[in-house]
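Hydrogens, waters and symmetry mates play no part in the numbers below; they use all other heavy atoms, side chains included.
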Amino acid sequence: MSKHSAGSGAAAPADADHVLGEEYEHEPVPMAARRSLFSMVMVWAGFPMIITGAMTGSLLVLGMGFSRALVAMIVGNLIMLAYVGALGLSATRSGMNFALIASRVFGTKGYALASGLLSTLLLGWFAVQTGITGALVASTYGLNYVAMTIVAGLLYIGITFVGVRGLHLIGLVSVPLFFVLGLFVVVHSAGTTSFDAIWNYAGNNGVATMSMGVGLTVVIALFIDAGTVTADFNRWSKTGTHSLIATFSAFPVSNLVAMLVGGIMTAALAVPNANPFGADNMFGYMNKLQIGWLGVLAFLFLYINLGSVCSHCLYNAATGWSRILRSKMRLMAVILGLVGIAIAAGNVWAFFIQWLSLLGIIVPPIGMILLVEAYVLKHGSTTQKEWRTLPFVSWAIGAAVGFIVEFQAPQLSTAISAGLVAAIAHLVLTYSAAGRAADRAPA
């Protein structure tokens with residue numbers, strides 16, 4: 001659908017100004033219903049500026065040393081800016097969510113495989129983050145894990161139920177709170193050592209064990225799933241410029257800030273065999289200081305901050321499955337959210353992390369195929385076929401290369417390798433098919 005037709009509505013729907021407005025699961029967002037630049041920045045900035053990003057920054061610094069980890073953070077985030085920015089710009093022009101765009105690329109039935117995979121992966125990450133919330137609160141304050149997890153999950157479902165406006169509101173609170181507390185943790189921890197000591201920190205116990213390729217994959221993989229379905233968010237932007245600015249607020253700004261908070265703290269404290277997913281993170285650091293008001297703030301911060309990423313993941317999952325099942329986003333948010341809470345409360349979420357990361361290998365090819373279709377081939381938006389074979393073949397080739405790199409060439413970046421190979425394969429296969437069709441055409 002053209003930019004003109006996607007935004008040709010003369011007025012917003014009657015309920016667009018209410019809290020529970022239309023979410024446009026099955027049609028492009030009309031221009032009159034698009035959101036402001038500030039709202040889009042809050043939606044995107046509130047996604048990656050989270051404690052999990054700080055934990056990831058700590059892992060990178062432990063594995064690579066500070067200076068090399070910083071390079072991986074910057075380069076990885078710039079790659080994400082290009083990738084997510086291009087996908088988001090395409091969505092802004094069409095007004096369509098990921099599932100609608102994928103139906104034009106993979107087919108009106110075939111899209112369900114791509115959309116269903118990504119939506120399920122994001123539901124898995126919702127369960128993991130909800131489980132992390134409950135685990136950190138229970139271990140820190142001696143509270144019941146199941147109860148704290150259920151409270152967290154229900155809160156996150158409530159935020160998602162409001163819709164894209166809910167993502168805006170949670171970002172409005174989460175972003176400044178993270179920035180202030182993150183700055184406090186960085187300044188306080190860095191005050192225990194020197195700049196040179198932080199910069200020259202060589203890694204856990206003085207040993208760097210992580211290659212640059214793996215470091216880049218870690219940075220990219222953290223948000224590659226949500227970044228690939230960026231259309232669910234960027235379809236709400238009024239202009240392409242707004243879309244790119246909103247993406248920039250996430251990659252590199254918010255994501256890099258979060259990673260640096262964890263990375264600087266880890267290098268400054270130089271704790272042997274630190275465990276960022278245990279007590280050696282900014283949340284644990286604030287509680288170890290045993291300052292009454294800071295402990296209370298840390299408790300609220302954890303629920304609000306992880307509530308931001310959880311609500312975004314659940315929104316993506318619910319939007320995708322609502323399209324596949326011809327349902328409504330809010331209904332699917334409740335159903336899928338309860339499934340995620342059950343997984344988290346059952347304390348099996350930790351077993352999902354490696355599995356979800358492994359499945360993430362097959363995500364970059366999907367996004368790269370969408371980019372090739374949108375910016376090079378420019379014909380995916382006109383097809384109404386139920387199944388398009390070539391995108392699936394290209395996806396399979398890229399994913400296969402990703403798995404080979406993961407297990408046979410770990411020094412390379414799995415995400416970059418899988419995505420680039422899929423894009424090249426799709427171009428070659430499409431032009432080859434076009435050439436064969438031309439040869440068979442009558443003179």
Does the separation of the ring centres of [X] and [Y] fall below 6.0 angstrom?
{"X": "Phe283", "Y": "Phe301", "result": "no"}
{"X": "Trp395", "Y": "Phe106", "result": "yes"}
{"X": "Phe126", "Y": "His312", "result": "no"}

Hey, could you give me the OH/CG distance between Tyr303 and Leu155, rounded to the nearest 0.5 Å?
8.5 Å

Is a donor on one side and an acceptor on the other found under 3.5 Å between the side chain of [X] and the backbone of [Y]?
{"X": "Ser94", "Y": "Met96", "result": "yes"}
{"X": "Glu25", "Y": "Met329", "result": "yes"}
{"X": "Arg235", "Y": "Asp232", "result": "yes"}
{"X": "Ser90", "Y": "Leu87", "result": "no"}
{"X": "Ser254", "Y": "Ala45", "result": "yes"}
{"X": "Asp280", "Y": "Phe277", "result": "no"}
{"X": "Arg388", "Y": "Val105", "result": "yes"}
{"X": "Arg34", "Y": "Ser237", "result": "yes"}
{"X": "Tyr375", "Y": "Ala86", "result": "yes"}
{"X": "His242", "Y": "Trp236", "result": "no"}

Kindly indicate whether the side chain of [X], heavy atoms from C-beta on, has any atom under 4.5 Å from the side chain of [Y].
{"X": "His168", "Y": "Val164", "answer": "no"}
{"X": "Leu222", "Y": "Met259", "answer": "yes"}
{"X": "Thr120", "Y": "Trp321", "answer": "yes"}
{"X": "Thr228", "Y": "Leu118", "answer": "yes"}
{"X": "Leu113", "Y": "Phe392", "answer": "yes"}

For Lys378, is there an ion pair with Glu373 - N to carboxylate O distance below 4.0 angstrom?
no

side-chain contact (heavy atoms from CB on, under 4.5 Å) test vs Phe47 passes for just one of Val175, Asn316, Leu167, namely Asn316

Check whether more than 12 heavy atoms from other residues, nucleotides or ligands sit under 6.0 Å from atom OH of Tyr145, and answer yes or no.
yes

Could you tell me whether Phe248 atom CZ has more than 12 heavy atoms of other residues or ligands within 6.0 Å of it?
no

Apply side-chain hydrogen bond (donor to acceptor under 3.5 Å, both in side chains) to the pair Glu386 and Thr108, showing each step before the final yes or no.
CA-CA 4 Å; Glu386 291 186 348; Thr108 56; 5.2 Å; no

Under 3.5 Å, which donor-acceptor pairs do the side chains of residues 72-80 form with other protein atoms, sequence neighbours left out?
| from | atom 1 | to | atom 2 | distance (Å) |
| --- | --- | --- | --- | --- |
| Asn77 | OD1 | Asn255 | ND2 | 3.0 |
| Asn77 | ND2 | Met73 | O | 2.8 |

Using a distance-only test with no angle check, is there a side-chain donor-acceptor pair under 3.5 angstrom linking [X] and [Y]?
{"X": "Ser413", "Y": "Thr217", "value": "yes"}
{"X": "Thr52", "Y": "Gln129", "value": "yes"}
{"X": "Thr92", "Y": "Asn234", "value": "no"}

Residue pair Ser174 / Ser308: nearest heavy atoms and the distance that separates them:
OG-CB, 3.9 Å

If you compare all heavy atoms of Val41 against all heavy atoms of Ser249, which two are closest, and at what distance to 0.1 Å?
O-OG, 3.7 Å

List for me each residue that meets salt bridge (Lys or Arg N to Asp or Glu O under 4.0 Å) alongside Glu27, sequence neighbours excluded, and say none if there are none.
none

